[in-house]
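Notes follow the structure.
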2 protein chains.
Amino acid sequence: MFNKETEYAMRSLVYIQVENYKGRRPGISEIAAEIDAPRFFTAKILQRMVRQGFVQSRKGRGGGFYFDSKHAPLKIGDVIKAVEGDNIMTGCAFGLKYCDETNPCPLHFRYAPIREKINTLVAEETIQSLARRPAGTD
Amino acid sequence: MFNKETEYAMRSLVYIQVENYKGRRPGISEIAAEIDAPRFFTAKILQRMVRQGFVQSRKGRGGGFYFDSKHAPLKIGDVIKAVEGDNIMTGCAFGLKYCDETNPCPLHFRYAPIREKINTLVAEETIQSLARRPAGTD
DNA sequence: TCATAAGAAGACAAAAAGGTCTTTTTAATT
DNA sequence: AATTAAAAAGACCTTTTTGTCTTCTTATGA
Ligand code: FES
Ligand code: FES
């Protein structure tokens, strides 16, 4: 469904939030190990998340990643859009340049309602809502 | 949603079936031009479809691609599975190694029903059903 | 039967995705 | 102040995906 970067981003951010709820600020080595992702690749992705303002970090000894509770909950749709774009939310399943109701591909009227459900899902769920949900890790 | 190969495969096959219904057997140059895909790449994909037995071809002057009406309708799910695998049908949206109800990721109970709808769609729709549906091309 | 038109096969190449590593900057602790 | 622990930055590399091209094989029809 999503590409690796998006998956690692979502898993990292949820892990950070889970640890934050416990009063901890995990560092990159811990995060990568826990979510089973390549360390330096995960670091690069999280740096982008920080630059976007999606999550905060602190350098130096005792540093790590954390969510600033002043920020609103972070929608997973916003993460997805920032990392891999919005093709999953708006693109045509048949690969036409764009999805157009008035010139629909033969999959359109069956696919559009499914895509709508995806849109609802990623608009409603947040890193915070996922972090509060007990979950498996492999 | 799908990768380029899958998109080109679906668009090619639907175009071939549409033309077959008109009594024609289109060639690779025509197909690629009509579905707006790179010619040689499309040729390579269609060769795989032929080897899989999904569609037939005839070499030489007057040759082209066609569906043998003896074969059952071709499910788009079978095409997708052959071209890009079954990740979209069975994979975990959070990127866990596999989706497991008993050890679900935090997206599972919201994502699984959507994935189920995708499975139904690709099991019900066929190249033939799509070819009978009037459709846009860009 | 020979010229020609078509698909088959496979080598090659470019671009994008995925991943690794080293150096720099920052901050806390001793 | 020096040491140490951490993220930031960015160069570099590998693999996969996407795309191109040339040569070979097959069939038609003049
Ligand atoms: S036109 Fe293809 S999904 Fe809407
Ligand atoms: S475990 Fe992630 S979708 Fe089922």
Side-chain angles (χ1 to χ4, degrees), chain A residues 1-13 15-16 19-20 24-68 80 82-85 87-88 95, chain B residues 1-13 15-16 19-20 24-68 80 82-85 87-88 95:
Chain A
M1 166 87 2
F2 302 114
N3 68 21
K4 294 289 181 196
E5 263 191 286
T6 304
E7 290 176 359
Y8 296 155
M10 290 194 300
R11 298 220 299 275
S12 295
L13 295 172
Y15 180 77
I16 292 165
E19 294 305 302
N20 284 182
R24 303 186 59 248
R25 284 202 299 238
I28 189 61
S29 303
E30 174 186 338
I31 296 167
E34 288 295 324
I35 70 167
D36 191 30
R39 176 178 168 172
F40 294 110
F41 194 37
T42 304
K44 189 187 289 188
I45 294 164
L46 281 178
Q47 281 161 29
R48 286 178 57 196
M49 296 295 100
V50 169
R51 262 179 267 139
Q52 294 265 346
F54 286 168
V55 69
Q56 277 64 48
S57 71
R58 198 124 110 218
K59 275 187 176 186
R61 207 166 191 174
F65 294 85
Y66 60 99
F67 285 92
D68 186 339
I80 294 163
V83 176
E84 65 168 48
N87 188 65
I88 202 74
Chain B
M1 165 87 2
F2 303 114
N3 68 21
K4 292 291 180 195
E5 262 191 287
T6 304
E7 289 176 0
Y8 296 155
M10 290 195 299
R11 298 219 300 274
S12 295
L13 295 172
Y15 180 76
I16 292 165
E19 294 306 301
N20 284 182
R24 301 186 60 248
R25 284 204 296 240
I28 189 61
S29 301
E30 174 186 336
I31 296 167
E34 288 295 324
I35 69 167
D36 192 29
R39 176 178 168 172
F40 293 109
F41 194 36
T42 304
K44 189 187 290 187
I45 293 164
L46 281 178
Q47 282 160 29
R48 286 179 55 195
M49 296 295 101
V50 169
R51 262 179 267 139
Q52 294 264 348
F54 286 169
V55 70
Q56 277 65 48
S57 71
R58 197 127 111 211
K59 275 187 175 186
R61 206 166 190 174
F65 294 85
Y66 60 99
F67 285 92
D68 186 338
I80 294 163
V83 175
E84 64 168 48
N87 188 65
I88 201 74

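Throughout, protein chains are lettered first and strands after them, A, B, ... in sequence-line order, and every chain is numbered starting at 1. For the numbers below, each heavy atom of this structure counts, side chains included, while hydrogens, waters and symmetry mates do not.
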Report task. Would you mind reporting whether B/Glu7 and B/Asn3 have side-chain heavy atoms less than 4.5 Å apart? Result -> no
Query - Range on DNA chain C touched by chain A - first to last nucleotide, heavy-atom distance under 4.0 Å - result: C/dG18 to C/dT29
Query raised in the report: Once you round it to whole Å, what is the distance between P of D/dA27 and CD of B/Gln56?
Result: 15 Å
Requested in this report: Decide yes or no for B/Asn20 and B/Phe65: does some side-chain heavy atom of the first lie under 4.5 Å from some side-chain heavy atom of the second?
Outcome: no
Report task. State, with a plain yes or no, whether a side-chain heavy atom of B/Phe2 is found less than 4.5 Å away from one of B/Met10. Result -> yes
Report summary line: Each nucleotide of nucleotides 6-18 of chain D classed B (base within 4.0 Å of a protein heavy atom), S (only sugar-phosphate) or -, in 5' to 3' order, makes BBBB-B------B
Query raised in the report: Does B/Pro38 reach the side chain of B/Tyr8, with side-chain heavy atoms less than 4.5 Å apart?
Result: yes
Query raised in the report: Got B/Arg25 and B/Arg58 here, is their nearest side-chain heavy-atom distance under 4.5 Å?
Result: yes
Query raised in the report: Any salt bridge between A/Glu5 and A/Arg48, counting N to O under 4.0 Å?
Result: yes
Query raised in the report: Does A/Ile28 reach the side chain of A/Phe40, with side-chain heavy atoms less than 4.5 Å apart?
Result: no
Query raised in the report: Can B/Arg24 and B/Glu30 be counted as an ion pair, charged N to O under 4.0 angstrom?
Result: yes
